[in-house]
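Down below is the structure, laid out as structure tokens.
Nothing here was measured: the structure is a model prediction, and the numbers come from that model. Chain letters run A, B, ... following the sequence lines, proteins first and then strands; every chain starts at 1.
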Number of protein chains: 2
Amino acid sequence: MEHIARDADVAPVASLIADPTRAAMLTALLGGRALAAGELARVSGVSAATASAHLARLLDGRLVDVERQGRHRYYRLAGHEVAEVLEALARISGRPPVRSLRQSRQARLLEEARTCYDHLAGRAGVALLDRLKEGGYYAAHDLTDAGERLLSGLGVDVTGARGSRRRFAPECLDWTERRAHLGGALGAAITGVLLERGWLRRGAVPRSVVLTDEGGRGLSALFAGKELTSGTPVT
Amino acid sequence: MEHIARDADVAPVASLIADPTRAAMLTALLGGRALAAGELARVSGVSAATASAHLARLLDGRLVDVERQGRHRYYRLAGHEVAEVLEALARISGRPPVRSLRQSRQARLLEEARTCYDHLAGRAGVALLDRLKEGGYYAAHDLTDAGERLLSGLGVDVTGARGSRRRFAPECLDWTERRAHLGGALGAAITGVLLERGWLRRGAVPRSVVLTDEGGRGLSALFAGKELTSGTPVT
DNA sequence: GTCACCTTTCGACGCCGGGCGAAATGTCGC
DNA sequence: GCGACATTTCGCCCGGCGTCGAAAGGTGAC
């Protein structure tokens, strides 16, 4: 995130992102799910022909990967480095243009819980980070020893995440809540475990996830257990 | 680096970077120094008129700041977030087009030591990270307790750097050495202290820095002192 | 005040690239 | 094999933007 490996010329890739249609496609793919060419044409508001041309250019520029499945072609972002470019760009970009009503209806569904590329965001993501902080598991952008034990016990590969090239455990402002939630390699690892365990399930709307009943029980047990030892029970 | 604060419209900013002339200007500014409009026109190979138009757009897009000084106008990147966008883009960009002879002559001067935006790179940056690792001051993308004491004693604000929104202490491949060096908030803080102490001095070529005699003595004393306690002296 | 220099503004030119509809290619279901 | 559907290819139009030279706006040196 901090340094260039060589003095690469940055313009061609930026040019790919610079077109509003392609930017909409890439932003849609930030949810981490692969989308078919037709879906991408719809979300970006262009004809299938136009979308196809754009996707060909994104593919040529190695910003997306494609997977053929029958008569569909599913496109996904070509790795988290690409997602990080988009996120870095978003961080210095102004507020978005007005959104359609359909989109704002879907937005409400995303408030409760959603993923951003590959980690948990939304109200659930904010709550998770709050619990980690309250319980003394997380401080100063890092896990405490207690936090490391807690998550390792849950099945999260903490040391693997720490060795990743990505930021380990950054806090980021949430889209809807205006509060911090957990991202980075650790956020992704946690989300992966929650999905594996069935504590979290992907929803119908792209990027949305729901906390299952089992997940609710599991998480409150997890944090309640610790809260007993630290003295301040929380429901 | 990991998450978008809101679903910002990323295309306009990308569009600013997408033009080769503006990209050359921004890349030149990655050295961290402010450059005059005329210099930027020269490094990007366009007329003063064209450069002026580009700089006006970059200014309008908040990618650069300007400082008037007499009849010159010095432009600089508008914060490290902008640098991080460029670096993230460079990471997924292909290799650069062939460079001019003049540039490759200057490149040799940069091999020994240089800064990348605000932290130490080049051979000296690689050597610094090597020493930190050998001495047990740095491991797994983080300072050890010993490293924290060592750098705090030198005057580096380690806790301040850890609280920063930037990655704390990422390793990155170096441009010339193909080896890792230290970046991020910690890399910047260290470089700042070295410059304050006069151990490092900015050179004539933009982005280049030289290790002063005093700096050479200071650093070897710093690491030699530790090496005595850890058992393996290094000259 | 006058000259020299750096920078910006103005006006005009050229071209690249995104847009679409229609037709071609490919794949599934029967 | 045939029709329905998803996707790509082709041909064409059009707007926006990067480019420059010339001239104007400011600033420092003397």
Which distance, rounded to the nearest 0.5 Å, do you find between the [atom1] of [X] and the [atom2] of [Y]?
{"X": "Leu89(A)", "Y": "Leu26(A)", "atom1": "CG", "atom2": "CG", "result": "10.0 Å"}
{"X": "Arg73(A)", "Y": "Ser52(A)", "atom1": "CZ", "atom2": "OG", "result": "8.0 Å"}
{"X": "Glu81(B)", "Y": "Arg62(B)", "atom1": "CD", "atom2": "CZ", "result": "13.0 Å"}
{"X": "Ile190(B)", "Y": "Asp157(B)", "atom1": "CD1", "atom2": "CG", "result": "12.0 Å"}
{"X": "Arg42(A)", "Y": "Leu35(A)", "atom1": "CZ", "atom2": "CG", "result": "9.0 Å"}

### Query
For Asp65(B), what residues pass the side-chain hydrogen bond (donor to acceptor under 3.5 Å, both in side chains) criterion, not counting sequence neighbours?
none
### Lys/Arg-Asp/Glu bridge criterion (N-O < 4.0 Å) met for Arg76(A), Glu67(A)
yes
### Query
Quick one: does Asp19(B)'s side chain have a donor or acceptor within less than 3.5 Å of a partner on Thr21(B)'s backbone?
yes
### Message
Using a 3.5 Å distance criterion without hydrogens, assess whether the side chain of Thr50(A) forms a donor-acceptor pair with backbone atoms of Val46(A).
### Response
no
With sugar-phosphate meaning primed atoms plus P, OP1 and OP2, does [X] contact a base, only sugar-phosphate, or nothing at under 4.0 Å between heavy atoms?
{"X": "Tyr75(A)", "result": "sugar-phosphate"}
{"X": "Ala37(A)", "result": "sugar-phosphate"}
{"X": "Ala41(A)", "result": "nothing"}

### Query
Can you list the steps and then say if Leu86(A) with Leu77(A) is a side chain to side chain contact (heavy atoms under 4.5 Å, CB included)?
CA-CA 10 Å; Leu86(A) 295 170; Leu77(A) 292 186; 4.2 Å; yes
### Task
Describe, as an angle rounded to 10 degrees, how the axis at the first end of the helix from dG1(C)-dC30(D) to dC30(C)-dG1(D) is tilted relative to the axis at the last end, five pairs per end.
40°
#### Entry: Atom-pair distance (CG on Leu35(B); C1' on dC6(C)), nearest Å
15 Å
### Task
For Asp19(B) and dG17(C), give me the distance from atom CG to atom P, rounded to whole Å.
12 Å
### Query
Between Tyr75(A) and Leu40(A), is a side chain to side chain contact (heavy atoms under 4.5 Å, CB included) present by the stated rule, with each step listed?
CA-CA 9 Å; Tyr75(A) 291 86; Leu40(A) 289 168; 3.9 Å; yes
## Note on the structure
Students should find that the nucleotides of DNA chain D closing off the region near chain B, any atom under 4.0 angstrom from a heavy atom, are dC17(D) to dG28(D)
### Summary
With sugar-phosphate taken as primed atoms, P, OP1 and OP2 and all else as base, the protein-contact string of nucleotides 11-16 of chain C at under 4.0 Å (heavy atoms; B, S, -) is ------
### Task
Classify every nucleotide of nucleotides 23-30 of chain C by which part a protein heavy atom approaches to under 4.0 Å, writing B for the base, S for the sugar-phosphate alone and - for neither, in 5'-to-3' order.
---SBS--
### Query
By a strict heavy-atom criterion of less than 4.0 Å, which residues belonging to residues 50-60 of chain B are in contact with DNA chain D?
Thr50(B), His54(B), Arg57(B)
### Task
Walk me through it: do Arg22(A) and Leu16(A) pass the test side chain to side chain contact (heavy atoms under 4.5 Å, CB included)?
CA-CA 7 Å; Arg22(A) 286 191 295 265; Leu16(A) 287 175; 4.2 Å; yes
### Message
Restricting to non-hydrogen atoms, name the atom on Ala41(B) and the atom on Ser47(B) that form the minimum distance, rounded to 0.1 Å.
### Response
CB-O, 4.1 Å
### Query
What are the two closest heavy atoms between Ser44(A) and Ala24(A), and how far apart are they?
CB-CB, 4.0 Å
### Task
Decide yes or no on side chain to side chain contact (heavy atoms under 4.5 Å, CB included) for Leu30(B) and Glu87(B), but give the supporting numbers first.
CA-CA 9 Å; Leu30(B) 259 187; Glu87(B) 289 161 1; 3.9 Å; yes
